[in-house]
Every structure is written in structure tokens, then in C-alpha cells.
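This report concerns only the one structure given below.
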Amino acid sequence: MSTDEAALIRAAQSGEAEAFAQLISRYYDTLYRFAYRWCGSRVEAEDVTQQACIKLGRSLGQFRFEAAFSSWLYRLVINCAKDWRSSQQRHQGDELTEDVQEEPEQGHEKGAETEIYLQQVLKQLERMGEQYKETALLVYAEGMSHAEAAVILDVKESTVSWRLHEIRKQLQLLQNAQPGSWEIHP
Amino acid sequence: MNDEQLAQLFGTQKIPPLSQAAKTAALNAAMEAFAAQNISAVQAEITQDTSPITAGINATPETTNQKKKTFLTIITSLSRGFSKGSQTAGEHTESRITPIHRLRQRYSLNGPASRFSGWLTVAGLHVGLVIALMVGLTPKNEMVIFDSVKVEAVEDQKELIEPPPPPPPDYVPPSPDFAPPPSFNVAADAPAPVNAITTAPAKAEVARVAAKTPPTPAKVPKKGLSPPSYPSESKKLGEAGVVALALYLTAEGKVQEARVESSSGFPRLDDAAVKHALKTWRFEPCIEDRKPVACWYKIKFRFQLEDAKNGA
């Protein structure tokens, strides 16, 4: 953490609105990007980012400089995204699938295959569970080391490595998937 | 696929440009939350900074004991300071400054105060302590503080949680287009026989029971039902799930209408099932009074990819 950043955080913690505004403007894009990767939908990501910003305004005083500020923010967004998702599932059912499907519709342009496969991977992560998804997003999408991801997720580094191993295994199975079939359940 | 390839794959993800309006709204909401948090913090600070007596009066139930202890500590420390008289003045270097020292500086107690005035002040503070303990910490005052805290919390909740939208209405299958067979009472139309008391009611009862016999439900034909094709995009994306359909079958057994009762979670799969059912299927119709009639029939499909099927 740079001295400038630390000074800005301290100023915001002491109640300077200008410092807080500067701080949140600096990190908004990061929050939104990660929220989008988590949610897969722009609208949902914007809502989650807004919740994260509000939470940041309320709980900035709790940041103790024990970890990187960005790590603390990632944790904040993950918590907000989980809360948001569970509230959405309670009230409206699972609408994620609809949003995710928006992406691969332009199937003829260059790179469409990659995009379709990415959606397939994200769907698989969704099926595997949130802990796998957050691990993959932090390491593969945000480029963090296993150790950094472990700090954010509050797990051991070996747990991060194991989860990634499981993800690779499942994705390998997905790649070898055969055409589907159906069954009747009268 | 290794870590590097996966990182590359995630790197290709297109993040849609963020909306400026959403960003502005988020920043405004955050600033409001920040301001509200600061106001609370300042209020708390003001409460702590006021005189020990006021602190005792404003104490919430959770902090009452703690504040009592703090108050007693302050009193004891002040007493010690005064008992040392002018010797204590100027002794405190910056590194040793504590809240008690600050309090003493604030009330100009580090000057050349006489022992007498010091003791007088201490006596006054003791009286204050007694008043605070007897009067100031009554439940009435505690409730005032509680009420204000509660109101803030409720307002916060309003900001955060929007009322959930009403749940979608349950699907109610429409009534069939066919009219139910007219019920008639044999006993009413029949001429009254001589021994009507014993025979007529028995016949009427039999007719009524026969009219209430439930229809035989439709059946899947013996040759089975043809499978719908798995949408190719669904295969690519690994979409799978169970879709429940409600089919309205004609007296001939054709599917006249198909509605999704519970979705697989993938509209593509739901559509494939509905279209296929409408286009190709034919059932053995429902039978009522030995005659085929139109009726509703429920069926579930499991769209399952081979790898998942084999793994299960």
C-alpha cells in the first residue's frame, strides 16, 4: 500500500468527505469489474457495486491496515454479492441464467467460441459452489497468487490450491462432454 | 487446461462499460452512508467528551457499567493529581499524555491550584457522582437514547432493502373447452312406481355414483414418445435441468396446448420441450364414461448431458 493511499484512507477514516470521495472514485471501477465477474450481468453488478460502496462508507473505520486495502475491498464485494444473490433467489428465483445467456448470442464473430466456452466455465463454477467460483475469479480473473487469494477468502493457501485442482478436473470433464439426452418423468 | 490457459480465458471476458448514472448514484449513496456514519461517530465522541456527570446520565445500558468505572477512575486520578498540588504541573511530557491529562488540561487543573480548591472540586464531583447514580441513570434517560438509535437503524434498513416484488401468480390451468356431461336424476324423471319407497332411491344412488366416477387419465402410447433434440447451444453451454409441462390433450390425444409449469432454468430447454410436445406427440386420451375426452396431463422432462448422466 502506497503512502499516498494510506494517507487518503486515514483522512477518510477521520471523517474527511473529500478524501472518501476520492478514495471511492479511485476504486469504483475495480469494485464494478469484480462484481460483474461475479454476477455475469451488468445490472446486477451495478447494484452489487452500489451496495459495496454504501458498505464501504459505513465500515471504512473498521479497516486496520493489517492487509492490503484492495484485499479488504474484494472481501467487501464478495460479501455484498453473496447477500445480493441470496436475496434475489429468495424473492425472484434464479435469474442469473438469463443474464449469463445474454453474452454468447453473437456466435459468428471472432472469438465467439472462446466466449461460449468461458460462459460454460462460469456455469460450471456456479454449479460447483461459491467457494470455487470466488477462488477461480480471484486467481484466474484478478491474477492473484494463491497466498493473496487465501488471505481474502480467509482460508489456507493449500485450500486454494486444492480448489483450483478440483476446478481443473471438472473443466476437463466438461470438455469431454457428449451430446445430451432426456428422460420422461410422468 | 492449465492455470495459464484459464487465466487467458478469463482475460478474454468482456466487461461492459459501466453506466455513468449508476456510478453517480453509487457514489452519492456511499457519501450519504459515509456522512451518516460520521454523524453517529461525532455524536458518540460528543457524548464521551462531555463532563463525567453528563456521561453518566447519557449512558446506555450496555455502557453504563463501563462509564461508571471510567468516571470513578477519572475522579481518583484527579484527586491524586490535586493532592500533589503544584508538583504535578508541567510534569507531563507529550508521550505521557492520557485522556485524564487532557481532561485536566481542559478544565485548567494543571495550573497552580491550591490544595483547598482542589479538595472542594473533588467534593463537588463526588456529589455529582451521587446525583448521577441516583437520578441520572434512570431507565427513562436510557430509553431516550435507545429510541433515537432505533429510528436511525430503521431508516438505514429502508435505504438498503427495497420491498421485494410480489411473487409471480401461480399457474392455474384453464378449464377444459369441453362441457361436463349433464347430470340428471333418474329418480326425478321416472314415473313413481308403486313401491317407490324401496326401489327409486336405490336407482338414483347408483346413477349418482356412476356420474362421479373419475375419468381415466391419459397414457403415454405403448411405442413411447419421441425425444426432442437437445438444443446445440445448450449442449455447448452445459445447460441441463428438469422442465415440467402441463399439456392440454384433445379427445384424440393430440397436444393442443403446452405450458411450462416449472422451468429448467434455461428458456432454451423449456422452448425445445414445448415445441416438440406440440409438434409430434400423441397420447392415449383420457376416458370418461367410456368416451375419450379432453383433459390436462402433466409431464416432466430431464435434459441431461451425457457426462452428468454417467457420473450420476
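What you see is a predicted model, and the numbers here were worked out from it, not measured in a lab. Order of the sequence lines sets the chain letters (A, B, ...), proteins ahead of strands, with each chain counted from 1.
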Minimum heavy-atom separation for [X] to [Y], with atom names?
X	Y	answer
B/A26	A/C53	O-CB, 3.9 Å
B/P17	A/R42	O-CD, 3.8 Å
A/A17	B/F34	CA-CE2, 3.6 Å
B/G238	A/R127	O-NH1, 3.1 Å
B/A29	A/Q50	CB-NE2, 3.8 Å

Inter-residue atom distance [X].[atom1] - [Y].[atom2], 0.5 Å rounding:
X	Y	atom1	atom2	value
A/L138	B/F10	CG	CZ	10.5 Å
A/Y140	B/Q5	OH	CD	10.5 Å
A/K123	B/L237	NZ	CG	8.5 Å

Item to check | Which atoms of B/A25 approach chain A - backbone, side chain, both or neither, heavy atom under 4.5 Å | outcome: both
Next on the checklist: Can you tell me which portion of B/S19 sits under 4.5 Å from chain A's heavy atoms? Options are side chain, backbone, both or neither.
Outcome noted: both
Checklist entry - B/L27 versus A/F20: any side-chain heavy-atom pair under 4.5 Å? => result no
Toward chain B, the part of [X] with a non-hydrogen atom under 4.5 Å:
X	result
A/L137	side chain
A/R37	both
A/E16	backbone

In terms of heavy-atom pairs under 4.5 Å, which option from [options] contacts chain B the most?
options	result
A/A52, A/A141, A/G57, A/A21	A/G57
A/G15, A/S59, A/G61, A/G143	A/G15
A/A12, A/A45, A/S25	A/A12

Next on the checklist: Let's go through A/D29 and B/K23 carefully: what are the C-alpha distance in whole Å and the side-chain angles of both, what is the deciding distance for side-chain contact (heavy atoms from CB on, under 4.5 Å) to 0.1 Å, and is it a yes or a no?
Outcome noted: CA-CA 9 Å; A/D29 290 7; B/K23 184 175 181 178; 3.9 Å; yes
Next on the checklist: Within the supplied structure, the quantity of interest is the number of heavy atoms (other residues, nucleotides, ligands) at a distance under 6.0 Å from B/K219 NZ; does it exceed 12?
Outcome noted: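 No, the 6.0 Å shell around NZ holds no more than 12 heavy atoms from other groups.
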Checklist entry - When you look at NZ of B/K254, are more than 12 heavy atoms from neighbouring residues, nucleotides or ligands closer to it than 6.0 Å? => result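 No - once you tally the heavy atoms of other residues, nucleotides and ligands closer than 6.0 Å, there are 12 at most.
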Next on the checklist: Looking at A/Q120 and B/K236, would you say the former's side chain and the latter's main chain have a donor-acceptor pair under 3.5 Å?
Outcome noted: yes
Checklist entry - Only one of A/L118, A/L122, A/L171 clears side-chain contact (heavy atoms from CB on, under 4.5 Å) with B/L9; which? => result A/L118
